[in-house]
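Below, read A as the first sequence line, B as the second, and so on, with proteins coming before strands; counting in each chain starts at 1. Just so you know, these numbers use all the heavy atoms, side chains as well, and skip hydrogens, waters and symmetry mates.
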There are 2 protein chains.
Amino acid sequence: VLRRLDHVGFAAADLAAAVALFREVLGGRPGPVFEDPLQRVRVCFVEHPGGRVEIVAPLGDASPIASVLAAGGGAYHLCYEADDLDAEGERLRGAGFVPVGAPCPAVAFGGRRIWFLFHPIARLIELVEAPAPTR
Amino acid sequence: VLRRLDHVGFAAADLAAAVALFREVLGGRPGPVFEDPLQRVRVCFVEHPGGRVEIVAPLGDASPIASVLAAGGGAYHLCYEADDLDAEGERLRGAGFVPVGAPCPAVAFGGRRIWFLFHPIARLIELVEAPAPTR
């Protein structure tokens with residue numbers, strides 16, 4: 001099952017400028033900046049009471065968010081935490097979602113895998129696998 | 001101050017289809033549908049652990065979300081709760097935000113006022129005034 005809404009993904013050309021705006025003007029609390037060569041993005045989670053926003057900026061050329069930025073940037077995906085990433089991705093496929101690439105590990109989640117899927121109404125949805133239970 | 005992230009605004013052409021998708025596939029819990037003739041939208045809040053999504057669909061012609069839907073729909077604004085709507089809106093203006101219209105009451109918030117402002121990096125931001133304290 002999908003346990004919870006983890007974050008809203010938000011595309012910005014300039015990571016530092018966007019993080020400063022969310023911190024200084026919108027009252028958020030930013031965490032560390034992660035660089036993810038596999039995803040070709042730099043990301044920073046900004047925590048607010050009520051939810052968190054993942055600011056995503058390009059890393060190098062051919063970043064997957066280039067098209068989002070060309071359209072102005074801003075909120076562009078919702079991310080849900082899945083107890084079983086592969087099973088939930090397959091369930092979404094059965095409901096009309098189309099995978100955007102394959103599941104892959106994400107630096108911003110300590111190597112936990114993510115999977116992006118697209119649906120004409122839900123638009124771009126990210127799944128992230130839940131942390132392994134501690135023993 | 002801005003107290004918290006209240007919701008993510010999400011544009012959909014067909015409110016019922018979008019609400020069904022968020023409920024049945026993404027695990028959310030929808031509330032009632034509100035019709036707002038002033039905003040010219042129909043809205044439904046879908047609650048998830050971790051945050052809530054406001055599904056917004058057009059009501060009649062010339063809905064303000066027509067341009068968002070023409071671009072594909074999906075997440076298009078972030079809403080923050082303000083302790084003092086007018087003061088916070090003015091503060092955002094001083095930080096480079098441009099008001100989109102004037103503050104006005106919103107059906108979905110029981111008549112509490114909202115105010116949309118735009119910034120080239122933060123994009124479309126909605127402020128909603130906090131509920132009056134109960135005595």
| query | Would B/Leu92 end up clustered with B/Ile114 when hydrophobic side chains under 4.5 Å apart are linked, directly or stepwise? | reply | no
| query | Does B/Phe10 share a hydrophobic cluster with B/Ile65, counting links as ILVMFWY side-chain heavy atoms below 4.5 Å and allowing steps through other members? | reply | no
| query | Where on B/Ile125 is there a heavy atom nearer than 4.5 Å to chain A: the side chain, the backbone, both, or neither? | reply | side chain
| Part of A/His77 lying under 4.5 Å from any heavy atom of chain B | neither
| task | Specify which of B/Gly94, B/Gly51, B/Gly72 makes the most heavy-atom pairs with chain A at under 4.5 Å. | result | B/Gly72
| request: State yes or no: do A/Leu59 and A/Val33 share one hydrophobic cluster built from I, L, V, M, F, W and Y residues joined by side-chain heavy-atom distances below 4.5 Å, directly or via other members? | output: no
| query | Where does B/Arg3 contact chain A at under 4.5 Å (heavy atoms): side chain, backbone, both or neither? | reply | backbone
| query | Which bit of A/Glu24 comes within less than 4.5 Å of chain B, counting heavy atoms only: side chain, backbone, both or neither? | reply | backbone
| field | For A/Val25 against B/Ala95, the heavy-atom pair lying closest together | value | CG2-CB, 3.8 Å
| message | I'd like to know which of A/Val1, A/Leu127, A/Leu2 tops the heavy-atom pair count under 4.5 Å against chain B. | response | A/Leu2
| note | Closest heavy-atom pair, A/Phe97 versus B/Leu26, reported as atoms and distance to 0.1 Å, is CZ-CD2, 4.4 Å
| In terms of heavy-atom pairs under 4.5 Å with chain B, which of A/Ala122, A/Ala18, A/Gly74 leads? | A/Ala122
| Do A/Val56 and A/Val46 belong together in a cluster built from hydrophobic side chains that touch within less than 4.5 Å? | no
| query | What part of B/Ala71 gets closer than 4.5 Å to chain A, counting heavy atoms only: side chain, backbone, both or neither? | reply | backbone
| field | Shared hydrophobic cluster, B/Val43 / B/Val68 (ILVMFWY, side-chain heavy atoms < 4.5 Å) | value | yes
| request: Specify the closest pair of heavy atoms between B/Leu78 and A/Val8, including all atoms of both residues, with the distance to one decimal. | output: CD2-CG1, 4.3 Å
| Partner chain B: residue of A/Gly28, A/Ala17, A/Gly73 with the largest heavy-atom pair count (under 4.5 Å) | A/Gly73
| Interchain contact, B/Ile121 with chain A, by part (heavy-atom threshold 4.5 Å) | both
| field | A/Arg123 side-chain N/O to B/Ala75 backbone N/O, donor-acceptor pair under 3.5 Å | value | no
| Between B/Asp14, B/Ile55, B/Leu21, which shows the greatest number of heavy-atom pairs under 4.5 Å with chain A? | B/Leu21
